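Read the structure below first, then the notes.
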Protein chains: 2
Amino acid sequence: MTGTKRKKKNVLWSRMKNPHCEDLKQWGRRRLPVLEWALHYNLKEDLPPDTVSGIMLAVQQVTQGLAFAILSSVHPVFGLYGSLFPVITYAIFGMGRHVATGTFALTSLISANAVERLVPPSSQNQTAQSNTSVLGLSDFEMQRIGVAAAVSFLGGVIQVAMCVVQLGRATFLLTEPVISAMTTGAATHVVTSQVKYFLGIKMPYISGPLGFFYIYIYVFENIQSVQLEALLLSLVSIVVLVLVKELNERFKRKIKVILPIDLVLIIAASFACYYTNMENTYGLEVVGHIPKGIPSPQAPPMNVLSAVITEAFGVALVGYAASLALAQGSAKKFKYAVDDNQELLAHGLSNVISSFFFCIPSAAAMGRTAGLYSTGAKTQVACLISCIFVLIVIYALGPLLYWLPMCVLASIIVVGLKGMLIQFRDLKKYWNVDKIDWGIWVSTYIFTICFAANVGLLFGVVCTVAIVIGRLSRAKTLSIKNMKEMEFKVKTEMDGETLQQVKIISINQPLVFLNAKKFHTDLMNILQKENASNQQLDDTSKCERNTLLISLSNGSSCNEEASQPHSNEECSLILDCSGLTFFDSSGVSMLVEVYMDCKSKNVDVFLAHCTASLVKAMKYCGNLDSEKPFFFKSVPAALSNIHSNKVRQNLSKLSDQSEV
Amino acid sequence: MTGTKRKKKNVLWSRMKNPHCEDLKQWGRRRLPVLEWALHYNLKEDLPPDTVSGIMLAVQQVTQGLAFAILSSVHPVFGLYGSLFPVITYAIFGMGRHVATGTFALTSLISANAVERLVPPSSQNQTAQSNTSVLGLSDFEMQRIGVAAAVSFLGGVIQVAMCVVQLGRATFLLTEPVISAMTTGAATHVVTSQVKYFLGIKMPYISGPLGFFYIYIYVFENIQSVQLEALLLSLVSIVVLVLVKELNERFKRKIKVILPIDLVLIIAASFACYYTNMENTYGLEVVGHIPKGIPSPQAPPMNVLSAVITEAFGVALVGYAASLALAQGSAKKFKYAVDDNQELLAHGLSNVISSFFFCIPSAAAMGRTAGLYSTGAKTQVACLISCIFVLIVIYALGPLLYWLPMCVLASIIVVGLKGMLIQFRDLKKYWNVDKIDWGIWVSTYIFTICFAANVGLLFGVVCTVAIVIGRLSRAKTLSIKNMKEMEFKVKTEMDGETLQQVKIISINQPLVFLNAKKFHTDLMNILQKENASNQQLDDTSKCERNTLLISLSNGSSCNEEASQPHSNEECSLILDCSGLTFFDSSGVSMLVEVYMDCKSKNVDVFLAHCTASLVKAMKYCGNLDSEKPFFFKSVPAALSNIHSNKVRQNLSKLSDQSEV
């Protein structure tokens, strides 16, 4: 015993000596998950699969980077940077092992809004076509990436701020139906935005409410300007991609080698385009010049921050919601834990840090994460390895991408969205499981389609909360089943001695403003129903009972007693509050009201299993009868109190009458 | 029996003959409560108290009408109209018997915002000072009342629309602390707005965020321009009012006559002002010219509607929230029912109809309603009688109010707000009853003070909902008490036959996205804790038990059995879902996850008392083991199933071994 005491003392002592050091270490380990897993990294077992995964991921990162940069209305090269810096940051701060951060369709779609609004294409002609010192890009392109980087910066700051106020805990509000509907809707938007590349139509940027429909209206109005070459190439690409991916999926277990069809298609299409000179012959749109290297970091323009606040919130919320779902999925599949707040911090820092390197807003993408699963990645090392290959592309292979046709890129994007679009299947599930969730899915999808992903997300969350509040306010508050059981028990127990009716009802809900009224009606209904059903029985058996009771006292005759009004019959009610987990002032005043109502109906009320705070609140709130005890530790204690009271009353009756 | 059948047939027949007529009658009775009470009005008993109350109410209506019109930044005469038309409309459509509609401080404060924004005082000089045909009022005054009437119109339309979509049911969201804090904050605003009259300072209209503080800053900066006459008169008025009202209150039961001190003070102050010619001698501000009569109705200017939409929402919500609280208070006190939707309709129509008669937005006022209580009014007839006296003032006595000093009017207003300001006492109650409600009160009050009543109301509601959502997501989901009781029962029941451990746990909460995670952790905690506590006991007693069991089978020795891993020990879990009132897809998938988790831990799970929809959802969602039955009607049914399974297993074991 003294040994353990001394040990404890030592521990305490060492803590007191350097308390900050220990705390800092713990805090660091919590905030830098890389320290946790990097130390236990198993080079032999984990490195080979991580390397394979990393190479496959790099292919996806490069294609998606180019495509999502174009979706963001910025120069494609910035998408390559966006596949590099956020990935490194997330690998350090993030906890999801299979979460592939980088460019993301939904956040690109949102930031495109800001870019097109603040730097419209018309301003290209106004500004001098002088090339800046940065990579030889035009002023116009630098202004556009400036806005996108500002969105990324502010979005990241918002995410970090949410982490600081511990808003990660509120993520239970982002329910599955809402996220599923929002991402499906956003994927529909992305597909729509790629339609112009499929068809080779030159088209202005269309956004705003109902912009989705205006795009299709524009397409149908300009259907004659469709480039058949582009359409053909896209169709071939899509068919090849879908077929090969399906075959990959089916024979994955047998062959164990996956054909990187994206990479093959990119190389093939680029070569075909280069040799047939499609750009000039057919006027096919290609990716174009991609400069080599990475420019030196530069702060995003702070003067546009106030103008992009809506988009920044959209990026912060939508990006986080989609990413968290992926991290949680990974954690569930591989049985580890993910801290919601740490994820917020990781994505926030990814966005803030990358914004200094000309990056568009980033988040985790479903397609890439699914790729990591299927290629057997083990840790974030796979993502870091992909960064090496992205760096090679940036420094060496970039210019070769010049000939990649836009329609092939669009096909790769759309086929990559399969995972999101397939979520339409959820509709059937929700229809069978919960019609209300089905309704939320459909309405969130419609809102996302008609407005934007952030509007849809907000609508979905508000709708979910409103519906659960409505349902809670109608849910039954009393456990009737328990009541009946208990009442039966009590009746048989006490039958022989007194005929006082005792009802025991458990409250099995918190008692708050939501359900206080319902609680009152439920309780009054039970009391009245019981009274009504007992009335007949009472009236007929009262005489009998009274004779049994009153025969002792030799008092008033049976008829007299039976003519008494029913309300005078004494009755007791024990409320078992063990299920009353919490309460607010409405709940307390409703309990007091119940006490008063019951008193006026000559029903004694007793509370059992009350918490100390409830006792205090009730005592403060109501003019409780100070003579009768009201709160009891348990139901049996309340019962025995009623019992002893009854005995005392009978005794005093007897003594009264004997005095007479 | 045949008689009742025939009767029923007749009723059905008559219904089928004129179904619309019956429905219409019922609908009319529901929507026109006046039909209900006017027919049963007891002239002898109710008319005398109603008349007395009506006269007293008229005094309040006139003074408050003048004051609140000035608070609304419109000519005082419009306040008199506002004490007439809404009252008549409410008497027809409203259900609250003691609800005195009319001009209201809070809605006046909100509509003043619109008036001062759209028709600033500076525009008075710009517009030609030509008097319009309406009552000889200037164009400027007519523009101002036009804006106020537009706010009233749109606010009323919003209230009627809320009634149509049955939003009255959502009024449980307007909790007591929020309404109390919002009205107290608004009353503070009203007091602040009257400060300039107390001190006789000429002051520009100040509003907007933190306007409250800017007013006091302005006052302190211009403290040298205080009119001592005004200050003196206000102080005397306030002291007299408070004293006499206090005495009235104290000796009410003895004397039964209440001194209408408001009326006395108005007459006295007006006479004093007239005879001493205070307006010119001391420059004291007086009410001024009040035209006689009522102008012909005119539609409010529809072109400003879009500009006053914020204020209209504020008037609709704040007015309704404050009025409903009064109607519910009256209903509770005099034991009748109030329909929230009908109240919305009544106040909405009051606002819409009155807006055609140059009225400012209306609502029920706490001071007047309290007056009706204390003077013993019985029905809305009291309000109608007050209308007669208001009409007399409008047509005959109006011009006599010319000399009423503004500072006296301000004193009457502020003393009349006593009921609202006294709600500061609620703070102590909430502190003792529920600290969270106390926090909501304080923060709502601060928001109301810093911004406006509508902002405060919105903040309070959002805050209340957010907190209850947070609390619900942490509330315990399982009834552990019940579990222990039941488990004990079961153990003793089954001890003799099998030693399989059966846990029965009741779920006593709805299972939705809020608490699905908590449910999982709670359940796993219970299972693990039980396992841990049983482990020791098991390890020691296992040998003993096994000898009991296995002795029958003459099989493996005790030591072998004991060395088996603990997880292989079979265990059953019965979840009693009778308290699971509703669920969503998150809840169902969590139940499936629990099933899978338990399966992997070799725990059999059974569900009892499931609703049909839950069974269907579970079957759709999870890959449930089709061999074992999973859903049972009741806990005993599940128990007997486990029992019979066990017996069968033992038998098969026996037969297996006997075959060997």
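What's counted below: heavy atoms across the whole structure, side chains too, no hydrogens, waters or symmetry copies. Keep in mind that this is a model prediction, so the values were computed, not measured. Residue numbers begin at 1 in each chain, while the letters A, B, ... track the order of the sequences.
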ask   = Would Thr183(B) and Gln423(B) count as having a side-chain donor-acceptor pair, cut-off 3.5 Å?
value = yes
Choice from Val588(B), Leu173(B), Ile469(B), Ile467(B) maximising heavy atom contacts with chain A below 4.5 Å = Ile469(B)
message = Would you call the rings of Trp438(A) and Trp431(A) parallel, tilted or perpendicular, taking 30° and 60° as the class edges?
response = perpendicular
key: Most chain A-contacting option - heavy-atom pairs closer than 4.5 Å, from Phe582(B), Tyr430(B), Phe583(B)   = Phe582(B)
Mutual orientation of the aromatic rings belonging to Trp441(B) and Phe424(B) [parallel < 30°, tilted 30-60°, perpendicular > 60°] = tilted
key: Best-contacting candidate, Lys435(A), Lys616(A), Lys429(A), Glu176(A), against chain B by heavy atom pairs under 4.5 angstrom   = Lys429(A)
task = Check each atom of Ser473(B) against the heavy atoms of chain A and say whether the ones under 4.5 Å are side chain, backbone, both or neither.
result = side chain
inquiry  = If I measure from the heavy atoms of chain B, does Ser585(A) come under 4.5 Å with its side chain, its backbone, both, or neither?
reply    = both
task = Verify whether one side chain among Ser330(B) and Tyr336(B) offers a donor that lies under 3.5 Å from an acceptor in the other.
result = yes
key: chain A contact via Leu514(B) - which portion, at a heavy-atom distance below 4.5 Å   = both
message = Between Phe513(B) and chain A, with a heavy-atom cut-off of 4.5 Å, which part of the residue counts as in contact: side chain, backbone, both or neither?
response = both
task = For Phe313(A), look at atom CZ and say whether over 12 heavy atoms of other residues, nucleotides or ligands are found less than 6.0 Å away.
result = no
key: Closest contact, heavy atoms only, Ala337(A) versus Met95(A)   = O-CE, 3.9 Å
Salt bridge (Lys or Arg N to Asp or Glu O under 4.0 Å) contacts in which one or both residues fall within residues 505-523 of chain A, not counting sequence neighbours = Lys518(A)-Asp522(A)
key: chain A contact via Asp437(B) - which portion, at a heavy-atom distance below 4.5 Å   = side chain
Part of Leu472(B) lying under 4.5 Å from any heavy atom of chain A = both
key: Winner by heavy-atom pair count (cut-off under 4.5 Å) against chain A, out of Thr464(B), Val512(B), Ile440(B), Val465(B)   = Thr464(B)
